[in-house]
Amino acid sequence: MPGGQGEGEEKLEKLSMELTEDVMKSMEIGAVFKDYNGKINSLDFHRTNNYLVTASDDESIRLFDTASATWQKTSYSKKYGVDLICFTNHPTSVLYSSKNGWDESLRHLSLMDNKYLRYFKGHHDRVVSLCMSPKGECFMSGSLDRTVLLWDLRIDKCQGLIRVRGRPAVAYDEQGLVFAISNEGGFIKMFDARLYDKGPFDTFVVEGDKSEASGIKFSNDGKLILLSTMDSNIHVLDAYQGTMVCSFSVEAVPNGGEAVPNGGTLEASFSPDGKFVISGSGNGNIHAWSVNSGKEVACWTTEGVIPAVVKWAPRRLMFASGSSVLSLWVPDLSKLASLTGPNSNSAY
(Lines give C-alpha, C1' and ligand atoms only; values in the text may rest on other atoms or scores of the structure.)
Protein backbone atom coordinates (compact mmCIF):
# COMPACT_ATOMS: atom_id res chain seq x y z
CA MET A 1 0.00 0.00 0.00
CA PRO A 2 1.08 3.65 -0.37
CA GLY A 3 3.70 5.09 1.94
CA GLY A 4 5.25 1.81 3.07
CA GLN A 5 2.43 0.55 5.27
CA GLY A 6 3.53 -2.24 7.59
CA GLU A 7 1.74 -5.39 8.48
CA GLY A 8 -0.87 -5.48 11.19
CA GLU A 9 -3.44 -3.00 9.93
CA GLU A 10 -6.09 -4.95 11.78
CA LYS A 11 -4.30 -4.08 15.04
CA LEU A 12 -5.04 -0.40 14.44
CA GLU A 13 -8.77 -0.83 14.88
CA LYS A 14 -10.05 1.44 17.62
CA LEU A 15 -10.08 -0.42 20.93
CA SER A 16 -12.43 0.16 23.83
CA MET A 17 -10.18 -0.95 26.66
CA GLU A 18 -8.78 0.84 29.65
CA LEU A 19 -5.15 1.89 29.36
CA THR A 20 -3.46 -0.14 32.10
CA GLU A 21 0.15 -1.07 32.77
CA ASP A 22 -0.44 -4.42 31.07
CA VAL A 23 -1.78 -2.66 27.99
CA MET A 24 1.26 -0.38 28.00
CA LYS A 25 3.62 -3.34 28.20
CA SER A 26 1.90 -4.99 25.24
CA MET A 27 2.39 -2.04 22.86
CA GLU A 28 4.30 -2.81 19.68
CA ILE A 29 4.73 -1.36 16.20
CA GLY A 30 1.58 -2.00 14.18
CA ALA A 31 2.56 -0.03 11.07
CA VAL A 32 5.75 1.63 9.87
CA PHE A 33 6.44 4.07 7.03
CA LYS A 34 10.03 3.99 5.82
CA ASP A 35 10.15 6.15 2.70
CA TYR A 36 11.43 9.32 4.35
CA ASN A 37 14.69 10.81 3.04
CA GLY A 38 15.45 12.73 6.22
CA LYS A 39 14.64 12.72 9.91
CA ILE A 40 11.14 13.58 11.08
CA ASN A 41 11.20 16.96 12.83
CA SER A 42 7.69 16.97 14.27
CA LEU A 43 4.29 15.30 14.05
CA ASP A 44 0.77 16.01 15.21
CA PHE A 45 -2.55 14.21 15.57
CA HIS A 46 -5.77 16.05 14.84
CA ARG A 47 -7.83 16.38 18.01
CA THR A 48 -11.15 15.13 16.59
CA ASN A 49 -10.35 13.41 13.26
CA ASN A 50 -8.26 10.36 12.43
CA TYR A 51 -5.46 12.32 10.78
CA LEU A 52 -1.74 12.43 11.55
CA VAL A 53 0.69 14.85 9.91
CA THR A 54 4.50 14.79 9.87
CA ALA A 55 7.19 17.31 8.92
CA SER A 56 10.55 16.02 7.75
CA ASP A 57 14.04 17.20 6.80
CA ASP A 58 13.30 15.95 3.27
CA GLU A 59 11.02 19.04 3.07
CA SER A 60 7.91 16.86 3.02
CA ILE A 61 4.58 17.30 4.82
CA ARG A 62 2.78 13.95 4.91
CA LEU A 63 -0.80 13.23 5.87
CA PHE A 64 -1.89 9.82 7.21
CA ASP A 65 -5.20 8.24 8.20
CA THR A 66 -4.68 6.50 11.54
CA ALA A 67 -7.95 4.54 11.32
CA SER A 68 -6.67 2.60 8.32
CA ALA A 69 -2.92 3.19 8.84
CA THR A 70 -2.55 4.56 5.32
CA TRP A 71 -0.69 7.42 3.72
CA GLN A 72 -3.05 9.98 2.20
CA LYS A 73 -1.07 12.82 0.69
CA THR A 74 2.38 14.41 0.49
CA SER A 75 3.10 18.12 0.03
CA TYR A 76 6.52 19.76 -0.19
CA SER A 77 7.97 22.98 1.18
CA LYS A 78 11.07 23.09 -1.00
CA LYS A 79 11.70 26.82 -0.68
CA TYR A 80 11.23 27.19 3.06
CA GLY A 81 11.79 23.73 4.52
CA VAL A 82 9.54 22.56 7.34
CA ASP A 83 10.35 22.20 11.03
CA LEU A 84 7.51 22.37 13.56
CA ILE A 85 3.99 21.47 12.41
CA CYS A 86 0.55 21.35 13.99
CA PHE A 87 -3.03 20.97 12.83
CA THR A 88 -5.46 23.83 13.00
CA ASN A 89 -8.95 22.92 14.14
CA HIS A 90 -9.72 22.10 10.51
CA PRO A 91 -8.69 18.49 9.78
CA THR A 92 -6.81 19.22 6.56
CA SER A 93 -5.05 22.51 7.25
CA VAL A 94 -1.81 22.93 9.18
CA LEU A 95 0.53 25.56 10.56
CA TYR A 96 4.25 25.10 10.15
CA SER A 97 7.53 26.89 10.74
CA SER A 98 10.38 27.21 8.28
CA LYS A 99 13.76 25.52 8.39
CA ASN A 100 15.78 27.37 5.78
CA GLY A 101 17.65 29.65 8.18
CA TRP A 102 16.61 32.91 6.55
CA ASP A 103 12.80 33.09 6.74
CA GLU A 104 11.20 32.64 10.16
CA SER A 105 7.63 33.14 8.93
CA LEU A 106 4.84 30.75 9.85
CA ARG A 107 2.58 29.37 7.15
CA HIS A 108 -1.05 28.26 7.12
CA LEU A 109 -1.34 25.53 4.49
CA SER A 110 -4.37 23.72 3.09
CA LEU A 111 -3.24 20.14 2.51
CA MET A 112 -6.07 19.22 0.14
CA ASP A 113 -5.20 21.76 -2.55
CA ASN A 114 -1.63 22.54 -1.43
CA LYS A 115 -2.49 26.23 -1.11
CA TYR A 116 -1.10 28.75 1.35
CA LEU A 117 -3.95 30.45 3.17
CA ARG A 118 -1.88 33.00 5.09
CA TYR A 119 1.66 33.95 6.12
CA PHE A 120 2.54 35.11 9.63
CA LYS A 121 5.66 37.29 9.88
CA GLY A 122 7.03 38.57 13.17
CA HIS A 123 9.82 36.37 14.51
CA HIS A 124 13.48 37.13 13.90
CA ASP A 125 15.01 33.81 14.91
CA ARG A 126 14.06 30.13 14.75
CA VAL A 127 10.63 29.17 16.05
CA VAL A 128 11.06 26.42 18.67
CA SER A 129 7.49 26.05 19.96
CA LEU A 130 4.14 26.14 18.17
CA CYS A 131 0.68 25.46 19.60
CA MET A 132 -2.86 25.82 18.27
CA SER A 133 -5.68 26.62 20.68
CA PRO A 134 -8.18 23.74 20.90
CA LYS A 135 -10.96 26.32 20.62
CA GLY A 136 -11.35 29.02 17.98
CA GLU A 137 -8.71 30.45 15.66
CA CYS A 138 -5.90 31.48 18.00
CA PHE A 139 -2.37 30.03 18.17
CA MET A 140 0.99 30.81 19.77
CA SER A 141 4.60 30.62 18.68
CA GLY A 142 7.78 30.85 20.73
CA SER A 143 11.15 31.76 19.21
CA LEU A 144 14.83 31.98 20.02
CA ASP A 145 14.38 35.73 19.52
CA ARG A 146 13.02 35.56 23.11
CA THR A 147 9.44 36.38 22.23
CA VAL A 148 6.14 34.55 22.31
CA LEU A 149 3.71 35.84 19.70
CA LEU A 150 -0.04 35.35 19.81
CA TRP A 151 -1.90 35.06 16.52
CA ASP A 152 -5.32 34.72 14.94
CA LEU A 153 -5.55 32.54 11.83
CA ARG A 154 -7.73 35.16 10.15
CA ILE A 155 -5.21 38.01 10.59
CA ASP A 156 -1.63 38.07 9.34
CA LYS A 157 -0.32 40.44 12.03
CA CYS A 158 0.39 39.17 15.55
CA GLN A 159 -2.23 40.03 18.15
CA GLY A 160 0.05 40.00 21.17
CA LEU A 161 3.72 39.83 22.19
CA ILE A 162 5.21 38.47 25.40
CA ARG A 163 8.94 38.83 26.02
CA VAL A 164 10.69 35.94 27.75
CA ARG A 165 14.12 34.94 28.99
CA GLY A 166 15.88 32.32 26.89
CA ARG A 167 14.23 29.57 24.89
CA PRO A 168 10.41 29.47 25.34
CA ALA A 169 7.99 26.54 25.27
CA VAL A 170 4.25 27.23 24.97
CA ALA A 171 1.02 25.27 25.43
CA TYR A 172 -2.73 25.83 25.70
CA ASP A 173 -4.88 23.79 28.03
CA GLU A 174 -7.56 21.62 26.39
CA GLN A 175 -10.27 24.25 26.92
CA GLY A 176 -8.23 27.02 25.34
CA LEU A 177 -8.81 29.18 28.43
CA VAL A 178 -5.31 29.07 29.91
CA PHE A 179 -1.87 28.95 28.39
CA ALA A 180 1.55 28.29 29.88
CA ILE A 181 4.97 29.64 28.92
CA SER A 182 8.13 28.03 30.26
CA ASN A 183 11.65 29.34 29.78
CA GLU A 184 15.06 29.38 31.46
CA GLY A 185 15.42 29.30 35.19
CA GLY A 186 12.72 26.66 35.71
CA PHE A 187 9.87 29.18 35.55
CA ILE A 188 6.39 28.36 34.22
CA LYS A 189 4.12 31.37 33.80
CA MET A 190 0.36 30.80 33.64
CA PHE A 191 -1.86 33.17 31.63
CA ASP A 192 -5.58 33.67 31.17
CA ALA A 193 -5.93 33.49 27.37
CA ARG A 194 -8.49 36.30 27.44
CA LEU A 195 -6.44 38.58 29.72
CA TYR A 196 -2.86 37.75 28.80
CA ASP A 197 -2.02 41.46 28.50
CA LYS A 198 -2.51 41.70 32.28
CA GLY A 199 0.47 39.39 32.80
CA PRO A 200 0.61 35.90 34.33
CA PHE A 201 -1.91 35.06 37.03
CA ASP A 202 0.53 32.58 38.56
CA THR A 203 4.17 31.54 38.27
CA PHE A 204 5.56 28.12 39.16
CA VAL A 205 9.20 27.30 39.81
CA VAL A 206 10.60 23.86 39.03
CA GLU A 207 12.92 23.13 41.93
CA GLY A 208 16.24 21.52 41.10
CA ASP A 209 16.12 22.02 37.32
CA LYS A 210 16.97 25.48 36.02
CA SER A 211 17.69 24.40 32.45
CA GLU A 212 15.76 25.73 29.49
CA ALA A 213 12.48 24.12 28.55
CA SER A 214 12.28 22.05 25.38
CA GLY A 215 8.54 21.37 25.54
CA ILE A 216 5.44 21.83 27.68
CA LYS A 217 1.97 20.23 27.53
CA PHE A 218 -1.22 19.99 29.54
CA SER A 219 -2.97 16.71 30.25
CA ASN A 220 -6.37 16.37 28.58
CA ASP A 221 -8.21 17.02 31.84
CA GLY A 222 -6.12 20.13 32.50
CA LYS A 223 -4.96 18.92 35.91
CA LEU A 224 -1.31 18.20 35.05
CA ILE A 225 1.54 19.88 33.19
CA LEU A 226 4.30 17.94 31.42
CA LEU A 227 7.60 19.82 31.16
CA SER A 228 10.62 18.59 29.19
CA THR A 229 13.98 20.32 29.63
CA MET A 230 17.19 20.62 27.65
CA ASP A 231 18.93 18.54 30.34
CA SER A 232 16.81 15.51 29.30
CA ASN A 233 14.61 15.73 32.38
CA ILE A 234 10.83 15.27 32.32
CA HIS A 235 8.67 16.74 35.06
CA VAL A 236 4.97 16.27 35.83
CA LEU A 237 3.45 19.12 37.85
CA ASP A 238 0.08 19.88 39.34
CA ALA A 239 -1.43 22.49 37.00
CA TYR A 240 -3.22 24.32 39.82
CA GLN A 241 -0.55 24.44 42.52
CA GLY A 242 2.66 23.98 40.53
CA THR A 243 3.82 21.25 42.90
CA MET A 244 5.94 18.40 41.56
CA VAL A 245 4.07 15.13 41.04
CA CYS A 246 6.97 13.08 39.65
CA SER A 247 10.12 13.41 37.55
CA PHE A 248 11.95 11.19 35.08
CA SER A 249 15.26 11.35 33.28
CA VAL A 250 16.35 9.88 29.96
CA GLU A 251 19.73 9.46 28.35
CA ALA A 252 20.82 12.63 26.58
CA VAL A 253 21.22 12.81 22.83
CA PRO A 254 24.88 12.25 21.86
CA ASN A 255 27.03 14.41 19.58
CA GLY A 256 25.36 17.68 20.40
CA GLY A 257 21.96 16.62 19.12
CA GLU A 258 22.80 16.52 15.41
CA ALA A 259 20.93 13.25 14.98
CA VAL A 260 17.60 14.67 16.14
CA PRO A 261 15.58 17.82 15.43
CA ASN A 262 15.49 21.12 17.34
CA GLY A 263 19.05 21.01 18.63
CA GLY A 264 18.83 17.64 20.34
CA THR A 265 15.51 17.99 22.13
CA LEU A 266 13.41 14.95 22.97
CA GLU A 267 9.62 15.12 23.01
CA ALA A 268 7.53 13.63 25.81
CA SER A 269 3.78 13.06 25.78
CA PHE A 270 0.91 12.28 28.13
CA SER A 271 -1.38 9.35 27.40
CA PRO A 272 -4.97 10.54 26.74
CA ASP A 273 -6.03 9.73 30.32
CA GLY A 274 -2.98 11.48 31.81
CA LYS A 275 -1.93 8.34 33.68
CA PHE A 276 1.24 7.61 31.68
CA VAL A 277 4.11 9.54 30.11
CA ILE A 278 6.18 8.37 27.15
CA SER A 279 9.43 9.75 25.76
CA GLY A 280 12.26 8.84 23.45
CA SER A 281 15.85 8.83 24.67
CA GLY A 282 19.35 9.36 23.36
CA ASN A 283 20.12 5.62 23.36
CA GLY A 284 17.27 4.85 20.95
CA ASN A 285 14.78 3.53 23.50
CA ILE A 286 11.23 4.67 24.15
CA HIS A 287 10.25 4.74 27.82
CA ALA A 288 6.84 4.74 29.51
CA TRP A 289 6.24 5.72 33.13
CA SER A 290 3.25 5.66 35.44
CA VAL A 291 2.33 9.11 36.76
CA ASN A 292 0.71 7.55 39.84
CA SER A 293 3.70 5.47 40.93
CA GLY A 294 6.48 7.45 39.28
CA LYS A 295 8.00 4.18 38.05
CA GLU A 296 8.91 2.96 34.58
CA VAL A 297 6.35 0.46 33.28
CA ALA A 298 7.69 -0.28 29.78
CA CYS A 299 10.72 0.24 27.56
CA TRP A 300 11.02 -0.47 23.85
CA THR A 301 14.18 -0.61 21.73
CA THR A 302 14.09 1.05 18.31
CA GLU A 303 17.20 -0.48 16.70
CA GLY A 304 19.54 2.38 17.52
CA VAL A 305 17.52 5.11 15.76
CA ILE A 306 16.73 7.93 18.17
CA PRO A 307 12.95 8.44 18.35
CA ALA A 308 13.08 12.13 19.20
CA VAL A 309 9.44 12.80 18.32
CA VAL A 310 6.86 10.82 20.31
CA LYS A 311 3.16 11.63 20.69
CA TRP A 312 -0.05 9.90 21.81
CA ALA A 313 -3.12 9.89 19.59
CA PRO A 314 -5.98 11.72 21.36
CA ARG A 315 -8.71 9.29 20.24
CA ARG A 316 -7.02 5.90 20.05
CA LEU A 317 -4.86 3.46 21.99
CA MET A 318 -1.97 4.45 19.77
CA PHE A 319 1.16 6.53 19.88
CA ALA A 320 3.49 7.55 17.08
CA SER A 321 7.27 7.85 17.09
CA GLY A 322 9.34 9.65 14.51
CA SER A 323 13.01 9.29 13.63
CA SER A 324 14.05 8.47 10.07
CA VAL A 325 10.84 6.42 9.91
CA LEU A 326 7.31 6.88 11.22
CA SER A 327 6.04 4.11 13.52
CA LEU A 328 2.52 3.65 14.86
CA TRP A 329 2.40 1.73 18.15
CA VAL A 330 -0.69 -0.21 19.29
CA PRO A 331 -1.49 -2.98 21.80
CA ASP A 332 -0.54 -6.51 20.80
CA LEU A 333 -3.74 -8.37 21.60
CA SER A 334 -2.05 -11.79 21.76
CA LYS A 335 0.59 -10.50 24.17
CA LEU A 336 -2.08 -8.76 26.20
CA ALA A 337 -4.04 -12.00 26.54
CA SER A 338 -1.00 -13.72 28.01
CA LEU A 339 -0.42 -10.83 30.43
CA THR A 340 -4.00 -10.53 31.66
CA GLY A 341 -4.93 -14.21 31.60
CA PRO A 342 -8.11 -15.91 30.46
CA ASN A 343 -10.28 -14.26 33.11
CA SER A 344 -9.54 -10.71 32.03
CA ASN A 345 -12.51 -8.34 31.88
CA SER A 346 -10.99 -6.03 29.28
CA ALA A 347 -13.33 -5.21 26.40
CA TYR A 348 -11.88 -5.30 22.91
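Model, not experiment: these values are computed from the prediction.
- In this structure, CG on Asp65 lies 13.0 Å from CH2 on Trp71, to the nearest 0.5 angstrom.
- Because its NZ or CZ atom is not both nearer than 6.0 Å to the ring centre of Phe191 and within 45° of the ring axis, Lys189 does not count as a cation-pi partner of that residue.
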>> For Ser129 and Arg167: C-alpha separation, side-chain torsions, deciding distance, then whether side chain to side chain donor-acceptor pair (under 3.5 Å) applies.
In response: CA-CA 9 Å; Ser129 190; Arg167 176 191 181 111; over 6 Å; no
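- Just one residue in the list Tyr172, Phe179, Phe120, Tyr96 forms a ring pair (Phe, Tyr, Trp, His ring centres under 6.0 Å) with Phe139, and that residue is Phe120.
- Within the structure, salt bridge (Lys or Arg N to Asp or Glu O under 4.0 Å) pairs that include any residue of residues 146-160 comprise Asp152-Arg154 (at least two apart or interchain).
- Among pairs with a residue in residues 41-59, those fulfilling salt bridge (Lys or Arg N to Asp or Glu O under 4.0 Å) read Lys39-Asp57, Asp44-Lys311, Arg47-Glu174, Asp57-Lys99, Asp58-Arg62, Glu59-Lys78, at least two apart in sequence or across chains.
- Screening residues 207-231 for salt bridge (Lys or Arg N to Asp or Glu O under 4.0 Å), with sequence neighbours left out, gives Lys217-Glu267.
- Between the side chains of Ser247 and His235, at least one donor N or O sits under 3.5 Å from an acceptor N or O.
- Judged by distance alone, the side chains of Thr147 and Asp145 do bring a donor and an acceptor atom under 3.5 Å apart.
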>> Set out, in order, the CA-CA distance, both residues' side-chain angles and the distance that settles salt bridge (Lys or Arg N to Asp or Glu O under 4.0 Å) for Lys295 and Glu21, then state yes or no.
In response: CA-CA 11 Å; Lys295 297 180 179 179; Glu21 290 191 12; over 6 Å; no
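- For the residue pair Asp332/Ser26, the side-chain donor-acceptor check at 3.5 Å is not satisfied.
- In the model, Ser93 has a side-chain atom that pairs as donor or acceptor with a side-chain atom of Thr88 under 3.5 Å.
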